[in-house]
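Before any comments, here is the structure.
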Amino acid sequence: MTGNTPLLEEILFQLEMSAPQIALGLVNGAFYALLSLGLAVIFGMLNVINFAHGAQFMMGAFVAWMLLNWAGIPYWGALILSPLIVGAFGVVLEKTMISRLYKLDHLYGLLLTFGLALIIEGLFRNGFGASGLPYAPPAALSGAPVDLGFMLMPKYRLWVVVAAFAVCIATWLVIEKTRLGAYLRAATENAPLVQAFGVNVPRMVTLTYAAGVALAALAGVLAAPIYSVNPGMGSNFIIVVFAVVVIGGMGSILGSVITGFGLGLVEGLTRVVYPEASATVIFVIMAIVLLARPAGLFGRA
Amino acid sequence: MTIDRRTLLGGAAALPAIGALPWNSARAQANNTLKIGVLTDMSGTYRDGCGPGSVAAVRQAVQDSGVTGRNIQVEVLQGDHQNKPDVASTIARQWIDRDGVDVIIDVATSSCALAVHGVVREKNKIMLNSTGATADLTGSACTPNTIHWTYDTWMLANSTGGAMVKAGGDTWYFITADYAFGHALERDTTSLVQKQGGRVLGSVRHPFPGTTDFSSFLLQAQQSRAKVVGLANAGVDTINSVKQAAEFGLTRRQKLAVLLMIISDVHSLGLNTAQGLVLSETYYWDLNDRTRNLANKIKGQLNGAMPTMWQAGCYSAALHYLKAAADMGVAQAKASGAETVVRMKAMPTDDDAFGPGSIRQDGRKLHPSYLFEVKAPGESKGPWDYYKLVRTVPAEEAFRPMAEGGCSLVRT
Amino acid sequence: MASATTLSPDLSPGASQGGAPAAMPPAAPGVFGFTRAQAVALLLLIAALIACPFFLYPQFLMKLLCFALFACAFNLLIGYVGLLSFGHAAYFGMGSYIAAHAAKVWGLTPEVSILLGGVVGALFGLVFGWIAIRRAGIYFAMITLALAQMVYFFCLQAPFTHGEDGIQSIPRGMLFGVIDLRADMSMYWFVAGLFLIGFLLIHRIIHSPFGQVLTAIRENEPRATSLGYRTDDYKLVAFVLSAGIAGVAGGAKAITVGIATLTDVHWSMSGEVVLMTLLGGLGTLFGPVIGAAAVVSMQTYLAPFGAWVTIIQGGIFVLCVLAFRAGIVGEIARMLRVKL
């Protein structure tokens, strides 16, 4: 490549530098997508913005830690069990508290779950301290990083991207292509009518909330080996995920997934160009999107 | 009906009074009571390193000082500043104005330390800082009311940074928490590296708080091809950085310099990840008989953990304060913080945490610092057996020479 | 059930209690737009303002008053326009930083510094409000939250805020260049006066024709539109006023406590002001004051108990939403069948 002009070389160099960052952005994007997917599922059915989503994400990681240290259940078991346990917790929350608010303004749901988030985080902080607990990746996914040609990527991170992508697609298929999904969508539009067809709508609502919460917990288990398991891990994420949801538009499941992954990439790119702004860039994009399309990129106005 | 209404309205208006005593009642207190306020992080990132353990350490010091046998009462208060300087300065003011607190101990994070530093100066009380790191407390910002006890950014840079450069790590890249403490640590380490003939190739600043994913910063460090990657952050941030550095195989070609890491962080990381890290502390429980003695006394109150250097510093500071106060008389000690500090500086220190030591004119407590290497899992013989001693830096060399600090208290 | 048909259109306690508004007697025309009960409560409030500093720690009271003013400003938006802003920390915090910078670096007098804080708060309110009022309800809440987070990161980076250290040792200075505010008691009277002016200003705004239109928008926006009101303009003006007063409250807090930090712009501050208003009573005149008093007292006296403060705050949130939606003052008002 000796014939290249300096400019081209510079561009190639920049590409070489940014490719790993963009690949990493995809990992972050995987978490954004999983979390905003859970929020979208809950919002679509219950019309509640689940502010406790971050706390439930954190619970997923903690439950995985407890399963390992108290019951000896390894990562792969926790990947199934932790979402089930936290989902069951979600059922209790929905039955005892959230279900009382459906007749009121949606904002009360936001306020209630905000309070719940404070309680859950405080309890975990009292019980486990704040500096975090170690959680090792499973043996099959630790070991030497994979050489992608332009970078060394730890196996576990590749797994996170693949797993998150698969879960997102599966959730989308369930909602768009199955009978259960059809009921769900119908109940969102006209609950009494669906009830008249013999579908137990309140139970469906409860299970939907549990499913959304379980998605958050699943993300938590996936995150446990990468980030330290600490009580604040969820609140760091949740505000960014809110912005992702606003950008994507609340209506669309697919929209939240695409936006999640996409914004992860944008954030990764920002880290190369201007690292100090990497925390802000998503909010700037949000403001721009809102000015152009108030309903969000994929939302129905 | 009207009366009912008025009563209720009155009740509503008087609500702020619930639980609040007349604010100046404490002033009439008996004069042989010394009040120590332990102002620390009870709920945040640094809780495990100081927090409730610092309070336990101060209580132990009160017991060990023997002052209660000399008809001196000591009351220990605790407060949670949540790592917020405004909360810290509010609590400090309230303690001094309302509760008659004489000395404030611990004060985690540099920003809170600086805030309380100003308050005790204004009110002529004392701060004995153990957990705060910024070397400015005994440098450009020094006052006659503060003693900086356990460690500081200069000492960390000097001990850990110096060892790295000596071992051949002459090119550096920093991953720095983007706030005052991170900047100070980077600044102190940079000047040390350059003084010893090394070069700093660059640095990247990560947002604080709220960064959980350090992989992209680690990648930039990798691409810089520097021999040493310096982590100028603390607590959860450092833990995450180290974890992720191992994951990306950064440690295969480069050395990690963790500039601030304490034993509770190592515990949290686990030896698998932390093994081989080089770090500096001024206290380790398994250093000698005296340190083990102190640890045995306190560990029962720490949920099975061993005391950190921050907690040991609180013990040492409280002990020395009580000795000095008993020596000069409680009434006099309560009257002027600055005078008590003068007395404390005049007396040599000696305790189980740091052994014999002294306090310098600029408020810097002097004792040796230690360079440790974290053991591999196979070398560790039991719980909390984490460190191998690499080098002892004698007290005279461990801290910044007084002349370089720029403290106005130092007469040249 | 999630059916949209049964949802009440707004957050006002009256409407959300199914038919409760009818139980409220129409506001009797009293003195300066105050009902008799309100006038009595106002007198009690003023009496408390005068008496309290002799019994309670002035520093604590001043902080309380700053937060009470902040909560009143917030209540103007949620209680009377029905907009839940989850990002009011941005205006409070910017007011705090600007006032601190003005007093410390530019050496301006305290009243000018605080006013400047209010102006900057209002300017931010203008820009953010313009973006946010395009959406309503939950979207509005989330957008304001995200925009406030942007301000947070700006404050983290901007050199003049000194990052995590904040602006420390802010001088209280001389009021109007003549009255020394260094003594706690003189500072207290200044803050109490400022609070009272802000409180009465908000009352005046609510009871002006402009305030009546706001209430109309809250009750039924399409109808207000069809009556020819440009509802977005009204909402924006209310938003700017609320942000401006929040900025004044932030500025006063900075001058009082002598420190302006990231806490003031953090999203948990936005949550706290929601809690104060909700606990005291949304859409009541005195609710935010009582709510702020309760929350600030709790934070002060529970401080030694660490994370329990968060847990208890969360518990109060849950309790308020589930069982106690009218808040303290709202419940009292309902019991006494008066408007407070």
Side-chain angles (χ1 to χ4, degrees), chain A residues 43 45-49 96-97 99-112 114-126 130 187-188 190-192 195 201-202 205 231 235 239-240 242-243 245-247 250 276-277 279-280 282-284 286-287 290-291 294-296 299, chain C residues 1-12 15-16 18 78 82 84 86 127-128 130-132 134-135 137-143 145-154 156-157 267-268 271 274-275 278 306-323 325:
Chain A
F43 182 78
M45 193 67 201
L46 285 76
N47 269 320
V48 165
I49 289 288
T96 56
M97 300 183 193
S99 59
R100 293 156 181 252
L101 299 177
Y102 296 148
K103 290 199 170 70
L104 302 175
D105 192 291
H106 307 334
L107 289 172
Y108 281 114
L110 179 75
L111 296 176
L112 177 82
F114 179 75
L116 289 174
L118 290 182
I119 297 176
I120 296 171
E121 257 189 46
L123 286 175
F124 275 88
R125 190 158 284 157
N126 267 353
T188 318
N190 190 340
Q195 185 125 23
V201 172
V205 170
S235 50
I239 309 275
V240 178
F242 273 12
V245 164
V246 171
I247 295 169
M250 297 287 311
E276 282 88 347
T280 327
I282 289 185
F283 302 109
V284 175
M286 186 198 72
L290 279 174
L291 289 178
Chain C
M1 205 179 308
S3 137
T5 50
T6 48
L7 287 163
S8 65
D10 66 58
L11 257 179
S12 77
S16 57
I78 189 170
L84 171 64
F86 225 104
V127 178
F128 289 0
W130 182 65
I131 296 174
R134 293 153 180 253
R135 305 301 309 265
I138 284 180
Y139 301 95
F140 180 85
M142 292 173 70
I143 291 162
L145 173 63
L147 288 171
Q149 200 60 9
M150 213 159 86
V151 174
Y152 174 80
F153 284 116
F154 166 75
L156 193 66
Q157 307 277 343
W267 60 267
S268 54
V274 180
L275 177 65
L278 188 67
W308 286 106
V309 178
T310 333
I311 298 172
I312 294 170
Q313 279 189 355
I316 294 178
F317 243 112
V318 171
L319 201 71
C320 281
V321 171
L322 286 180
R325 278 184 289 275

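Naming: A, B, ... by sequence-line order, numbering from 1 per chain.
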So which of C:V274, C:L147, C:I143, C:L278 has the largest heavy-atom pair count under 4.5 angstrom toward chain A?
-> C:I143

Under 4.5 Å to a heavy atom of chain C? For A:M97 that would be both

For residues C:V318 and A:G115, report the shortest heavy-atom separation together with the two atoms involved.
-> CG2-C, 4.0 Å

If you tally heavy-atom pairs under 4.5 Å against chain C, which of A:E121, A:M286, A:R125 wins?
-> A:M286

Per-residue contact mode, A:I239 against chain C (heavy atom under 4.5 angstrom) = side chain

Hey, which of A:I120, A:I119, A:V246 has the most heavy atom pairs under 4.5 Å with chain C?
-> A:I119

Mind checking whether C:I138 and A:V48 have side chains closer than 4.5 Å, heavy atoms only?
-> no

Do C:W267 and A:S235 touch side chain to side chain, with heavy atoms closer than 4.5 Å?
-> yes

Side chain, backbone, both or neither: which part of A:F242 has a non-hydrogen atom closer than 4.5 Å to chain C?
-> both

With chain A, the option among C:I311, C:L319, C:I312 that has the most non-hydrogen atom pairs under 4.5 Å is C:I311

Contact check, side chains of C:R134 and A:L290, non-hydrogen atoms, under 4.5 Å = no

Contact class of A:V284 relative to chain C, heavy atoms under 4.5 angstrom = both

Distance in Å, C:S268 OG paired with A:F114 CZ, rounded so as to fall on 0.5 Å steps | 7.5 Å

Please tell me if the side chains of A:L107 and C:I78 come closer than 4.5 Å, counting only heavy atoms from C-beta onward.
-> no

Apply side chain to side chain contact (heavy atoms under 4.5 Å, CB included) to the pair C:L84 and A:H106, showing each step before the final yes or no.
-> CA-CA 11 Å; C:L84 171 64; A:H106 307 334; over 6 Å; no

Partner chain C: residue of A:I282, A:T280, A:L112 with the largest heavy-atom pair count (under 4.5 Å) = A:L112

Using a cut-off of under 4.5 Å for heavy-atom pairs, which of C:W130, C:F86, C:F154, C:F128 has the most such pairs with chain A?
-> C:F86

